[in-house]
Amino acid sequence: MMADLFMLAALGVLISMAGALWRAWRGPGRADRMMSAQLIGAGGVGLAVLIAAAREEPAILDVALVLALLAAFAALAFVKTVTVQGAGDPESEEDPAP
């Protein structure tokens, strides 16, 4: 009974991820596409957690953790590409103004 409820919730998350995928494909700007990619990443984490709970397989939680880590790195990479000359790079030789 509870597994069915988890799978129904997973279906709802999957439908919202489909909407985010549409926005990532048709988004008017790069920021819109990145935000939808973040939503897809968060939805993937939620989907993995719900499936892990429904099937009672804790190994799927490891997949959710990896997806969360990849989503965080994707956001950092996006910020690095849209800032002027990679502003905020800790390896840059320029000293920030006080």
Side-chain angles (χ1 to χ4, degrees):
M1 169 86 179
M2 196 64 157
D4 293 335
L5 186 62
F6 285 142
M7 291 306 262
L8 185 63
L11 181 64
V13 171
L14 193 60
I15 290 170
S16 73
M17 287 174 63
L21 186 62
W22 175 261
R23 178 50 55 197
W25 182 52
R26 302 281 299 183
R30 291 187 302 178
D32 296 319
R33 288 187 170 112
M34 187 61 212
M35 290 305 297
S36 64
Q38 287 295 305
L39 179 60
I40 292 169
V45 171
L47 190 65
V49 168
L50 286 168
I51 291 174
R55 297 186 64 187
E56 296 179 0
E57 290 191 33
I60 299 176
L61 292 175
D62 294 338
V63 174
L65 288 173
V66 170
L67 283 175
L69 187 63
L70 287 175
F73 283 141
L76 289 174
F78 174 73
V79 169
K80 290 289 293 170
T81 60
V82 298
T83 55
V84 178
Q85 298 178 356
D89 189 0
E91 297 176 359
S92 67
E93 296 178 12
E94 297 177 15
D95 193 20

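Note that this is a predicted model, so its numbers are computed, not measured.
- For the atom pair L39 CG and M17 CE, the distance stands at 8.0 Å (nearest 0.5 Å).
- Linking ILVMFWY residues whenever their side-chain heavy atoms come closer than 4.5 Å, directly or via other members, places L5 and I60 in the same cluster.
- Each ring-ring contact (aromatic ring centres under 6.0 Å, His included) pair with one or both residues in residues 15-51, not counting sequence neighbours, appears once here: W22-W25.
- In this structure, the separation between CZ on R23 and CD1 on I40 is 11.5 Å, given to the nearest 0.5 Å.
- Atom OG in S16 sits 11.0 Å away from atom CG in L21 (nearest 0.5 Å).
- The CD1 atom of I51 lies 11.0 Å from the CG atom of L61; values are rounded to the nearest 0.5 Å.
- Applying the side chain to side chain donor-acceptor pair (under 3.5 Å) definition to pairs two or more places apart or across chains, none involves residues 58-69.
- Hydrophobic clustering of Ile, Leu, Val, Met, Phe, Trp and Tyr side chains at less than 4.5 Å, counting indirect connections, keeps L50 apart from V45.
- A search for side-chain hydrogen bond (donor to acceptor under 3.5 Å, both in side chains) contacts involving E57 returns R55, not counting sequence neighbours.
- Across V49 and A64, no two heavy atoms sit closer than the pair CG2-CB, 3.9 Å.
- Between the CD atom of E56 and the CZ atom of F6 there is a distance of 9.0 Å, given to the nearest 0.5 Å.
- Q38 has its side chain out of reach of F78: every pair of non-hydrogen atoms, C-beta onward, lies at least 4.5 Å apart.
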